[in-house]
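Below: one structure in structure tokens.
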2 protein chains.
Amino acid sequence: MPPVRGPRAARPRRRADEIIDAAAAVFAERGYHGASTQDVADHLGMRQASLYYYFPSKESALEQVCLRSVGDFLERAQAIANGSGGSADKLAAIIRSHLAPVEERGAYVRCFLRERRFLPRESARRIGRVARRYEHILQSVIEAGIAAGELRRDLDPRLATLALVGMCNAAMEWYGREPNAPLGLIVEVFTGLAISGMAVPRHGRPRPPSGNRATGSGGRAGSRQRRQSRG
Amino acid sequence: MPPVRGPRAARPRRRADEIIDAAAAVFAERGYHGASTQDVADHLGMRQASLYYYFPSKESALEQVCLRSVGDFLERAQAIANGSGGSADKLAAIIRSHLAPVEERGAYVRCFLRERRFLPRESARRIGRVARRYEHILQSVIEAGIAAGELRRDLDPRLATLALVGMCNAAMEWYGREPNAPLGLIVEVFTGLAISGMAVPRHGRPRPPSGNRATGSGGRAGSRQRRQSRG
DNA sequence: CGAAACGCCTATTGGGTGATAGAAAAAATC
DNA sequence: GATTTTTTCTATCACCCAATAGGCGTTTCG
């Protein structure tokens, strides 16, 4: 039994992270119930029983994965919501921020989306609260946009929020499998869809969100690009 | 080994359907790997081993569930695509048609969405082809709309398709858990979002799809309704 | 009636699974 | 270099699960 640690708790971070990374990867690929602790161990090149030095149960491993997957989603969304700018710009920034982790943290996010429901009651509720708070931030942005006259008055804020989140989360599933769909383009298309929809505007041209360089990750050389889908 | 059946193959349908219904319900609730054949048997009030009179393996049960879940998705979408009317109306009809099964066939659809990836290679590929054909129908409608000048020229048809499908599929997950979200309202909001987006149009007012009474299920008394979300 | 097929049962098995106990190796600390 | 702490190992267990074998009552139908 490890004795009390120093005040700042400089506990071993490195290896424990690798363990959880492996769990996230394996759970994301085979599903929580479809993956065995043996699979996780194989992925790390170690023995199955050794895993239990890092977590007390398979469930707690999933819990840690889900906890890390929410990461700084909330903070980033809140920062965007608090910032200045129009509703359209904020929505665009949130979409970009929402999709950003798909590259580096894809396994974590997929675990969160698909496996979180297998968590025990307690932690499921805790995780659920975070998710609901995130949705509420997004919903507030939409409601503010309606109040400011920038978004349609007949829009249902709650359902619009769920639609937007659902659209983005769906992208987490097919991102990587879908050819000719770099992250920047997805963000661009989703933003255009959420703001302007598919239809040709009645007058004038559809306005793109004015300034969109929040994360600055995507290339975005040209304003937009046409692609000739499958070869 | 049962000998050749009569010409019309009047094989026992009723009970076999109940078995697959139960499998769909249990798989949808606990996940394919999280559900045991014992769970399915319990749900039916019969013994675990008796299930194997109806299917040769758990996997094949999942396969049957997924096969039935695609149901007449394709046909209905194709009929809408072939029909006359503007792109907006077709998209609205497809959204309604896509969401329709969530009430009666919810378990099947959720199984298809979440568990299909656990199918063996062969059947996964077959199911995947159906899904891809469905998406292609939707994509064709969008492409035709662009060609006709009804949808934005800078729209990426493939990504728009995935976005729309993803948005609708996400609704399958939270439908029923979400209060104040009857199917009719969801369809209305999603349609408005897909066609016009969230933003206030620059001139004129956002046009709703002209004639929208395909299934006639939803109330839709007033043209639109404002709701004071949570009580 | 009597044979065949149907629908479900009991009993069982072989293998995989999460988890524990305790020793041994490896690293850190003094 | 000895002691302590960290990390991984071997060995094992109790349990659950998918699937098989074969029997028994019931229905179908010539």
Side-chain angles (χ1 to χ4, degrees), chain A residues 1-24 26-27 29-66 111 115 118-120 123, chain B residues 1-24 26-27 29-66 111 115 118-120 123:
Chain A
M1 190 187 309
V4 267
R5 291 176 183 287
R8 273 301 153 86
R11 52 185 119 118
R13 271 285 185 187
R14 201 64 39 82
R15 187 59 173 158
D17 285 351
E18 288 179 13
I19 307 295
I20 299 300
D21 279 356
V26 173
F27 290 170
E29 188 187 330
R30 311 213 194 196
Y32 172 68
H33 284 298
S36 65
T37 53
Q38 183 65 61
D39 294 332
V40 179
D42 289 349
H43 196 268
L44 287 158
M46 70 194 302
R47 305 289 163 154
Q48 179 260 342
S50 305
L51 294 174
Y52 285 80
Y53 175 75
Y54 293 97
F55 48 74
S57 71
K58 194 188 171 192
E59 257 182 2
S60 89
L62 176 62
E63 188 178 347
Q64 286 193 46
V65 169
C66 286
C111 268
E115 317 299 337
F118 299 125
L119 284 173
S123 38
Chain B
M1 191 187 310
V4 267
R5 292 180 183 285
R8 274 299 153 86
R11 51 184 120 116
R13 271 284 183 188
R14 200 64 37 84
R15 188 57 173 159
D17 285 352
E18 287 178 13
I19 307 294
I20 299 300
D21 278 357
V26 173
F27 290 169
E29 189 187 330
R30 310 213 194 195
Y32 172 69
H33 285 299
S36 67
T37 54
Q38 183 66 61
D39 294 332
V40 179
D42 290 349
H43 196 268
L44 286 159
M46 71 193 303
R47 304 293 161 142
Q48 179 258 343
S50 305
L51 294 174
Y52 284 78
Y53 175 75
Y54 292 97
F55 48 75
S57 72
K58 195 188 172 193
E59 258 182 1
S60 89
L62 176 62
E63 188 178 347
Q64 287 193 45
V65 169
C66 286
C111 268
E115 317 298 335
F118 300 124
L119 285 172
S123 37

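Please read these numbers as outputs of a predicted model, since none were measured by experiment. Every heavy atom of this structure was used, including side-chain atoms; hydrogens, water molecules and symmetry mates were not. Each chain gets a letter, A, B and so on, in the order the sequences are listed, and its residues count up from 1.
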Heavy-atom nearest pair, A:Y52 first then A:S57, reads CE2-CA, 4.0 Å

Separation of D:dT6 atom P from A:E18 atom CD, nearest Å, is 18 Å

Each nucleotide of nucleotides 13-19 of chain D classed B (base within 4.0 Å of a protein heavy atom), S (only sugar-phosphate) or -, in 5' to 3' order, makes ----SBB

Look at the side-chain N and O atoms of B:R15 and state whether any lies under 4.0 Å from the OP1 or OP2 oxygen of C:dG7. no

A:Y53 OH to D:dT8 C1', in whole Å, measures 10 Å

Closest non-hydrogen contact found for B:F55 with B:S60 is CB-OG, 3.4 Å

The residue among A:V26, A:I20, A:L119, A:D21 that forms side chain to side chain contact (heavy atoms under 4.5 Å, CB included) with A:V65 is A:I20

Ignoring hydrogens and angles, tell me if any N or O in the side chain of B:D39 forms a donor-acceptor pair with the backbone of B:S36 under 3.5 Å. yes

Whole-Å distance, B:M46 CE to D:dG25 P, equals 18 Å

By side-chain hydrogen bond (donor to acceptor under 3.5 Å, both in side chains), A:Q38 pairs with (sequence neighbours left out) A:D42

Between CZ of A:R47 and P of C:dA25 the distance, given in whole Å, is 14 Å

Sequence neighbours excluded, the answer for ring-ring contact (aromatic ring centres under 6.0 Å, His included) partners of B:H43 is none

* Establish, with yes or no, whether the OP1 or OP2 oxygen of D:dT8 is under 4.0 angstrom from a side-chain nitrogen or oxygen of A:Y54. => yes

